[in-house]
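Whatever order the structure lists ligands and atoms in, that order sets their numbers, starting from 1. Model, not experiment: these values are computed from the prediction.
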Amino acid sequence: MNRDTSLRRILDRSDPWDMAVIGGGATGVGVALDAASRGYSCCLFEASDFGKGTSSRSTKLVHGGVRYLQQGNISLVMEALKERGLLRRNAPHLVHDLAFIVPNYVWWEAPFYGIGMKVYDMLAGKYGFGRSRVLSKDEVLERIPTLETDGLRGGVLYYDGQFDDARLLIDLAQTAEQQGAAVLNYAKVVGFAHDSEGFVDGLTFEDVEAQEQHRIRARCVINATGAFCDTVRRLDEPRAAPMIAPSQGVHVVLDRSFLPGDSAIMVPRTGDGRVMFAIPWHGRVLIGTTDTPIDRVELEPRALPQEIDFILETAARYLTRNPTRRDVLSVFTGIRPLVKSSEVASSAALSREHTIHVSKSGLLTIAGGKWTTYRKMAEDCVDHAATLAKLDERACVTRELRVHGHDEDAERFGELSYYGSAAAQVCELMSPSADLSRRLHASLPVHASQVVWAVRHEMARTVDDVLARRTRALFLDARAAVEVAPEVARLMAVELRRDPSWANDQVAQFNAIARNYQIESY
Ligand SMILES: Cc1cc2nc3c(=O)[nH]c(=O)nc-3n(C[C@H](O)[C@H](O)[C@H](O)COP(=O)(O)OP(=O)(O)OC[C@H]3O[C@@H](n4cnc5c(N)ncnc54)[C@H](O)[C@@H]3O)c2cc1C
């Protein structure tokens with residue numbers, strides 16, 4: 001992916017695009033990929049970086065959703081379980097199965113969750129990831145030696161999927177480009193164009209880097225801006241009633257010693273009645289999440305101190321070593337784009353299913369859903385868009401489409417496995433140059449070559465792009481990420497031909513962002 005090439009393609013086109021997508025999260029990139037792979041012409045605009053919104057801040061689960069099973073939403077669970085299977089098949093370098101254990105401390109939990117997980121297995125059918133079973137206390141402790149033993153009776157083992165959200169997004173954007181879409185980051189949509197009958201037939205976007213505005217024409221415009229979708233709808237219809245009831249979810253990241261081994265913990269009911277996970281991820285442990293209704297939607301949401309305390313207190317109940325604030329390596333917060341419903345009060349009960357809304361002017365908005373179902377959401381959306389724009393009907397092909405980097409045996413690349421088949425090329429960058437094979441920090445799995453690779457091939461434009469989403473440094477250890485920021489800025493400045501003042505500005509901007517991830521600032 002190259003930003004200059006994408007921008008030129010977008011500006012050089014005089015014919016209208018079949019579809020123009022706004023938003024470079026899982027939803028928007030999924031739609032662009034679906035549209036392009038059916039042969040529709042398609043461009044995509046992301047105001048910041050791909051995945052800067054919620055799509056890099058998830059719990060990293062590709063799952064049917066045990067909570068939705070508890071809520072009795074069988075069709076949602078079945079659809080998600082099918083998508084889970086398709087995603088593991090199409091992106092095996094980024095999605096793998098993970099063992100989860102529900103620890104049992106009360107007599108009825110083993111039969112209750114044991115039967116629940118059997119239903120989960122059954123609903124997955126041929127897309128199943130492994131059979132659930134009831135474990136004895138010893139078997140549980142063998143898998144999770146740091147689990148609180150006081151009152152422990154046993155546990156229930158089941159399997160679900162885990163992935164790297166931001167990395168999958170970059171690979172989906174690469175796949176969309178390969179299929180013919182033009183995808184552009186740092187391109188904010190600031191207005192719409194309408195034809196003589198008032199139908200949306202184009203948009204104005206700002207090239208945030210050049211600070212220039214441009215117009216493009218499109219047969220259908222798709223608003224896939226997640227929690228931001230109401231702001232974008234109001235560019236078209238200033239008095240549009242809000243669709244989204246935003247709520248934020250916080251995760252904390254701890255050292256792996258809190259949860260050694262390869263199994264995750266699933267707590268089916270926390271003190272506030274929610275599900276919570278402790279999951280091994282990239283050599284750390286990720287614990288979350290919360291569900292706090294919020295009034296304002298921001299690109300860098302900030303955790304509340306009480307959300308962090310709640311996570312640590314809940315974790316302390318299940319782990320032998322109580323994690324404290326001093327143990328927190330990173331805190332990250334995401335906003336759920338939940339579709340509003342007047343009948344339910346708590347956001348944990350709002351629908352995770354997606355909604356497609358068409359305004360009077362023909363602006364199509366897709367919102368809600370979850371990462372796991374991004375492909376199905378995109379399929380539904382492109383079906384609608386094609387009908388709306390009176391385009392030829394073309395069948396969806398993404399069920400079988402391999403994602404960029406597809407590699408069944410990516411584990412052989414060790415720390416670089418998340419690049420999949422591209423890891424070999426990242427390694428090639430290292431071999432001729434000792435400078436590029438350098439690891440940038442003892443606590444981070446990031447090499448100089450990855451910075452250069454991100455700029456040359458993954459459209460990274462800022463230090464935040466590299467440290468938060470092309471590598472996951474900011475999520476793994478925020479303080480270490482701040483320490484490497486000057487070196488990352490220096491490497492990027494060489495690649496992007498920028499001067500030292502650009503690098504200094506980048507470091508200052510990154511440090512401001514990183515404050516939200518550092519426990520010291522709470
Ligand atoms: C805490 C938390 C945990 C979650 N965990 C999971 C999980 O484990 N598994 C799972 O399946 N799902 C999970 N989800 C749900 C999932 O992450 C989201 O449903 C999904 O990422 C939403 O993607 P999106 O593309 O709709 O929104 P976003 O990722 O927020 O993307 C919207 C994009 O639109 C851009 N934008 C906004 N305005 C404009 C404009 N004017 N012009 C151009 N671009 C614009 C933004 O910059 C942003 O990048 C979780 C959600 C949260 C909050």
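The shortest contact between atom 51 (C) of ligand 1 and any protein heavy atom is with Thr54 CG2, 3.8 Å. From the protein, the heavy atom lying nearest to atom 24 (P) of ligand 1 is Thr27 OG1, 3.3 Å. The nearest protein atom to atom 43 (C) of ligand 1, hydrogens excluded, is given as Ala47 N, 3.2 Å; this is a heavy-atom distance. The protein heavy atom nearest to atom 36 (N) of ligand 1 is Thr225 CG2, 3.6 Å. The single protein non-hydrogen atom nearest to atom 2 (C) of ligand 1 is Arg57 O, 3.9 Å, given as residue, atom name and distance. Summary of contacts: the protein heavy atom closest to atom 52 (C) of ligand 1 is Arg336 CG, 3.9 Å. At the shortest separation from atom 12 (N) of ligand 1 among protein heavy atoms lies Trp371 N, 3.2 Å. Nearest protein neighbour of atom 48 (C) of ligand 1, counting heavy atoms only, is Glu46 OE1, 3.5 Å.
Taking distance alone, with nitrogen or oxygen atoms compared against 3.5 Å, Phe228 stays at or beyond that limit from ligand 1. Among the atoms of Thr372, some N or O lies under 3.5 angstrom from an N or O of ligand 1. For a threshold of 3.5 Å applied to N or O pairs, the pair formed by Leu61 and ligand 1 contains at least one separation below that value. For ligand 1, none of its N or O atoms has an N or O atom of Gly51 under 3.5 Å away.
Numbered from 1 in the order shown, with element, the atoms of ligand 1 that lie under 4.0 Å from a heavy atom of Leu299 read 47 (O). Heavy-atom proximity to Ile335, at under 4.0 Å, picks out these atoms of ligand 1: 53 (C). Every atom of ligand 1 is numbered from 1 in the order shown, and the set under 4.0 Å from a heavy atom of Lys60 is 8 (O). Annotation for ligand 1: atoms under 4.0 Å from non-hydrogen atoms of Thr289 are 1 (C). Distances below 4.0 Å separate heavy atoms of Gly249 from the following atoms of ligand 1: 1 (C). Those atoms of ligand 1 that come under 4.0 Å of a heavy atom in Gly334, given as number and element, are 53 (C). Contact atoms of ligand 1 toward Phe45: 43 (C), 44 (N) (distance under 4.0 Å to a heavy atom of the residue). Of all atoms in ligand 1, numbered sequentially from 1 with element shown, those under 4.0 Å from a heavy atom of Ser55 are 20 (C), 21 (O), 22 (C), 23 (O), 24 (P), 25 (O), 28 (P), 29 (O).
More than 12 heavy-atom neighbours from other residues, nucleotides or ligands sit within 6.0 angstrom of CZ on Arg325. Within 6.0 Å of the NE2 atom in His384, the count of heavy atoms belonging to other residues, nucleotides or ligands does not exceed 12.
Taking Lys52 as the reference, Glu300, Asp464 meet the salt bridge (Lys or Arg N to Asp or Glu O under 4.0 Å) condition, with sequence neighbours excluded.
A ring-centre distance under 6.0 Å is found for Tyr418 and His282. When ring centroids are compared, Phe475 and Tyr517 come within the 6.0 Å threshold.
Figure legend: Arg84 and Tyr127 shown without cation-pi pairing, the cationic atom not lying both under 6.0 angstrom from the six-membered ring centre and within 45 degrees of its axis.
For the residue pair Arg515 / Ser521, no side-chain donor-acceptor distance below 3.5 Å is found, with atom types taken as modelled. In the model, Thr292 has a side-chain atom that pairs as donor or acceptor with a side-chain atom of Glu307 under 3.5 Å.
Rounding to the nearest 0.5 Å places CD of Gln213 at 10.5 Å from CD of Gln211.
Ion pairing of Asp164 with Arg472 is present here, as a side-chain N (NZ or NE/NH1/NH2) and a carboxylate O approach within less than 4.0 Å.
Contacts with ligand 1 closer than 4.0 Å are made by side-chain heavy atoms of Val232 only, the backbone lying farther away.
The residue from Trp17, Phe50, Phe205, Tyr186 that alone fulfils the ring-ring contact (aromatic ring centres under 6.0 Å, His included) condition with Phe45 is Phe205.
Here atom 6 (C) of ligand 1 lies nearest to Ser58 when heavy atoms of Gly191, Gly65, Ser58 are compared.
Ring geometry for Phe332 against His251 counts as parallel: the plane angle stays under 30°, on a 0 to 90° scale with 60° as the upper cut.
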